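None of these values were measured; they are calculated from a predicted model. Numbers restart at 1 for each chain; the letters A, B, ... are given by sequence-line order, proteins then strands.
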There are 2 protein chains.
Amino acid sequence: MTVTIYDVAREANVSMATVSRVVNGNPNVKPTTRKKVLATIERLGYRPNAVARGLASKKTTTVGAIIPDISNIFFSELARGIEDIATMYKYNIILSNSDSKKENELQLINTMLEKQVDGILFMGGNITDEHIQQFKTSSVPVVLAATYDSSNEIPSVNIDYELAAYEATKELVNNNENKQPAFVGSLRETVVNSLKYEGYVRAVRESNIEFNEDLVFTIDSSYDEGLAVAEKLIELDSKPSSVFVTSDEVAIGVIHGFQDRGHNVPEDIQVFGFDNTKLAKMVRPTLSTVVQPMYDIGAVAMRLLTKYMNKEEVTDKNVVLPHRLEKRDSTLSD
Amino acid sequence: MTVTIYDVAREANVSMATVSRVVNGNPNVKPTTRKKVLATIERLGYRPNAVARGLASKKTTTVGAIIPDISNIFFSELARGIEDIATMYKYNIILSNSDSKKENELQLINTMLEKQVDGILFMGGNITDEHIQQFKTSSVPVVLAATYDSSNEIPSVNIDYELAAYEATKELVNNNENKQPAFVGSLRETVVNSLKYEGYVRAVRESNIEFNEDLVFTIDSSYDEGLAVAEKLIELDSKPSSVFVTSDEVAIGVIHGFQDRGHNVPEDIQVFGFDNTKLAKMVRPTLSTVVQPMYDIGAVAMRLLTKYMNKEEVTDKNVVLPHRLEKRDSTLSD
DNA sequence: GTTAGAGTTAGAAACGATTCTATCCAGAAT
DNA sequence: ATTCTGGATAGAATCGTTTCTAACTCTAAC
């Protein structure tokens with residue numbers, strides 16, 4: 001039924017080895033035989049079987065990507081970066097959602113390894129010792145993308161979350177005669193988020209403001225939670241005049257929460273987001289935010305992974321990409 | 001180095017066949033030997049090689065998903081639906097972006113087939129005869145998701161785009177004392193879009209309005225294009241008082257384009273979108289739109305594919321999922 | 001006219017599973 | 001006691017490649 005390399009060999013009067021060489025572009029083939037083989041490949045409609053090749057060569061040209069949730073605009077952008085570079089290097093991606101659940105994550109790593117991927121790209125929330133253990137004993141290289149491992153043992157690509165949050169908070173403090181901005185984020189969820197919190201705290205402390213815990217709001221990360229937290233902010237006795245929010249989606253929720261209750265952004269309250277997803281420009285007022293280059297993180301992470309897979313020398317195993325503040329209309333200009 | 005089924009067999013004093021039976025849950029194994037084998041698997045840390053299994057069994061439990069752009073909020077939602085059902089049926093997904101380019105699409109189908117996927121899920125713009133040809137001669141089943149093939153030869157999952165557009169347009173006409181709504185969409189791009197256009201035309205014609213071609217705007221599908229087209233609408237002599245837009249993202253651009261120029265939505269102009277991506281609730285005013293169940297389309301398509309892969313009987317090869325209109329604040333209520 | 005050596009090619013052994021066929025063995029039936 | 005039956009198991013072929021080694025061919029040099 002299906003045409004195999006053997007059929008081609010027989011029809012072209014050469015050995016399987018020669019056909020294999022032709023298919024794989026090995027230069028040690030006489031041009032005339034190459035042409036002959038190519039012709040019979042065409043004639044028979046031969047299509048190499050990547051599974052058999054994978055078994056024989058122990059390479060699948062496939063990498064596994066474990067991602068919290070592909071329907072999240074942040075991760076889908078990241079995934080696109082991964083995919084584009086993967087395509088460039090002739091790899092395919094097996095994509096799986098973990099919902100950031102440790103159990104799923106560990107399970108998925110195992111599945112990927114069974115499928116003999118050549119490498120793994122991991123995005124997730126908390127990296128536990130168990131994760132590290134699995135990564136270190138993995139038979140193939142692993143790279144973390146937008147995922148923080150405090151031990152720095154696993155190769156990774158990130159931005160400096162603490163610094164970025166510090167700068168954003170500082171910006172709000174400066175615009176506000178040294179009033180403490182509120183903080184809205186999902187602390188517990190991930191190490192990345194607690195880094196943002198640390199940056200926020202540092203900026204506040206540095207400004208000689210007496211730190212007010214009441215201005216810190218810990219919520220699940222969603223637009224609706226942002227809407228809801230706006231109400232709490234309004235009801236506060238010491239109502240803040242600015243908020244630093246750890247993600248754009250929540251920040252937009254906060255903005256609308258205020259607007260829906262008759263408050264104006266940025267006049268009554270300034271809002272600073274994080275990520276610069278394309279949503280940031282799709283609100284009124286447009287959202288000031290920390291630019292985190294999602295696409296690039298994915299792309300660089302994939303590129304880094306190819307280096308490991310090719311056993312190339314890697315000079316910078318924990319890459320920190322630049323970030324910047326993009327000031328738009330949800331904050332006041334200096 | 002790596003532990004194979006043969007190692008397990010030797011250590012457990014059984015044959016490879018028996019180990020294979022244990023691993024695959026074949027009941028014809030004496031409980032005591034099963035236990036013994038399981039123990040040595042555990043002890044040696046044996047992990048089955050899915051590639052070898054794939055070669056021997058001719059099944060990879062992997063399906064290919066060809067998608068225009070995973071970073072597009074519409075498709076990422078669809079992808080999540082696919083993924084969830086795939087996981088449920090123990091399949092993994094190889095995900096690739098085509099950017100809706102025919103050349104990429106055809107190439108990707110070929111790659112997927114080389115990788116011996118058990119089935120293909122295809123999302124794309126225009127299905128050409130060449131596509132159909134490839135699908136029909138494919139060795140594995142293919143299902144289209146949110147992708148229209150006018151010949152209805154290939155299994156597919158869609159909504160009734162013509163009817164949905166008709167209903168949305170009708171709604172606008174009724175709210176507007178029989179004035180013709182403008183149409184903003186990307187006609188040429190896909191068959192799906194021209195179906196929407198047909199629905200729009202039918203609704204207008206049916207209302208005994210003299211059809212005005214000047215109110216039809218054909219643009220590339222993006223937020224920025226939406227912003228831009230708003231200006232053109234404003235400059236129109238016969239300025240419309242409502243617009244039907246074929247996607248939410250563009251619709252939101254249109255809304256903001258009007259707002260940025262001092263016009264109010266829905267008082268000055270009503271806007272109706274299409275898709276009900278999560279963006280629709282994340283604007284002010286919230287966007288009235290056609291609810292297209294992206295997640296469900298993905299999920300149902302994947303489910304349908306499993307049926308074909310299992311050679312189950314399929315009664316409904318071209319599934320049409322229900323849609324509905326969700327009226328929010330960008331249109332006037334009756 | 002040998003021979004060396006480079007360039008080509010053939011042959012066969014992996015790769016690590018599944019699966020078909022055959023064998024073995026125990027207990028039931030006669 | 002012998003035969004029969006069916007559940008367990010073993011053995012070996014197979015899946016479709018890659019890749020190693022050996023051998024062959026041809027030309028150039030001596």
Could you run down the sub-3.5 Å N/O contacts of the protein with nucleotides 5-9 of chain D?
| unit_1 | atom_1 | unit_2 | atom_2 | d |
| --- | --- | --- | --- | --- |
| D:dT9 | OP1 | B:Thr33 | OG1 | 3.1 |
| D:dT9 | OP2 | B:Lys30 | N | 2.9 |
| D:dT9 | OP2 | B:Thr33 | OG1 | 3.1 |

* **Sequence-distant partners of B:Phe122, ring-ring contact (aromatic ring centres under 6.0 Å, His included), two or more places apart** => B:His131, B:Phe135
* To do: Answer with base, sugar-phosphate or nothing: what part of the nucleic acid does A:Ser20 contact at a heavy-atom distance below 4.0 Å?
  => base
* Separation of atom CG in A:Asn26 from atom C1' in D:dT17, rounded to whole Å -> 15 Å
* **Sequence neighbours excluded, every pair satisfying side-chain hydrogen bond (donor to acceptor under 3.5 Å, both in side chains) that has a member inside residues 60-79 of chain A** => A:Thr60-A:Asp118, A:Thr61-B:Lys115, A:Thr62-B:Lys115, A:Asp69-A:Ser71, A:Asp69-B:Arg80
* Asked: B:Lys58 side chain N/O closer than 4.0 Å to the phosphate oxygens (OP1, OP2) of C:dT19?
  -> no
Show me the donor-acceptor pairs, under 3.5 Å and distance only, between side chains in residues 24-32 of chain A and residues at least two apart or in other chains.
| unit_1 | atom_1 | unit_2 | atom_2 | d |
| --- | --- | --- | --- | --- |
| A:Asn24 | ND2 | A:Ser20 | O | 2.8 |
| A:Asn24 | ND2 | A:Ser20 | OG | 3.3 |
| A:Asn26 | OD1 | A:Asn28 | N | 2.9 |

* Those residues that, when tested against A:Ser150, pass side chain to side chain contact (heavy atoms under 4.5 Å, CB included) (two or more places apart) -> A:Tyr148
* What integer distance in Å separates B:Arg53:CZ from D:dG16:P? -> 18 Å
* Check the distance between C:dA10's P and A:Tyr6's OH and give it to me in whole angstrom. => 13 Å
* Asked: Quick one: does A:Thr111's side chain have a donor or acceptor within less than 3.5 Å of a partner on A:Ile109's backbone?
  -> no
* Which residues within residues 38-49 of chain A lie with some heavy atom under 4.0 Å of an atom in DNA chain C? -> none
* By salt bridge (charged side-chain N to carboxylate O under 4.0 Å, His left out), which residues pair with A:Lys101, not counting sequence neighbours? -> none
* To the nearest Å, how far apart are B:Lys115 NZ and D:dC15 P? -> 23 Å
* **Exam field: side chain A:Asp149 to backbone A:Ser151, donor-acceptor pair closer than 3.5 Å** => yes
* Sequence neighbours left out, what passes side chain to side chain contact (heavy atoms under 4.5 Å, CB included) with A:Lys90? Give chain and number order. => none
* **Atom-pair distance (CG on B:Asn24; C1' on C:dA17), nearest Å** => 9 Å
* Residue pairs fulfilling ring-ring contact (aromatic ring centres under 6.0 Å, His included) with at least one residue in residues 90-114 of chain A, sequence neighbours excluded -> none
* Asked: In degrees, rounded to 10°, what is the bend between the two ends of the helix from C:dG1-D:dC30 to C:dT30-D:dA1, using five pairs at each?
  -> 50°
* Residue pair B:Ile94 / A:Ile94, side-chain heavy-atom distance below 4.5 Å -> yes
* Asked: For B:Glu130, which residues count as a salt bridge (charged side-chain N to carboxylate O under 4.0 Å, His left out) partner, sequence neighbours excluded?
  -> B:Lys102
* Asked: Do the side-chain N or O atoms of A:Ser57 get closer than 4.0 angstrom to the phosphate oxygens (OP1, OP2) of D:dT19?
  -> no
* To do: Figure out the CG/P separation between B:Asp7 and C:dC15, and round it to whole Å.
  => 10 Å
* Which pairs pass side-chain hydrogen bond (donor to acceptor under 3.5 Å, both in side chains) with one or both residues in residues 33-42 of chain B, sequence neighbours excluded? -> none
* Between B:Ala17 and B:Ala56, name the one whose nearest nucleotide on DNA chain D is closer to the 5' end. => B:Ala17
* Starting at CE of B:Met16 and ending at C1' of D:dA12, how long is that distance when rounded to a whole Å? -> 9 Å
* d(CG, A:Leu55; C1', C:dC15) in whole Å -> 4 Å
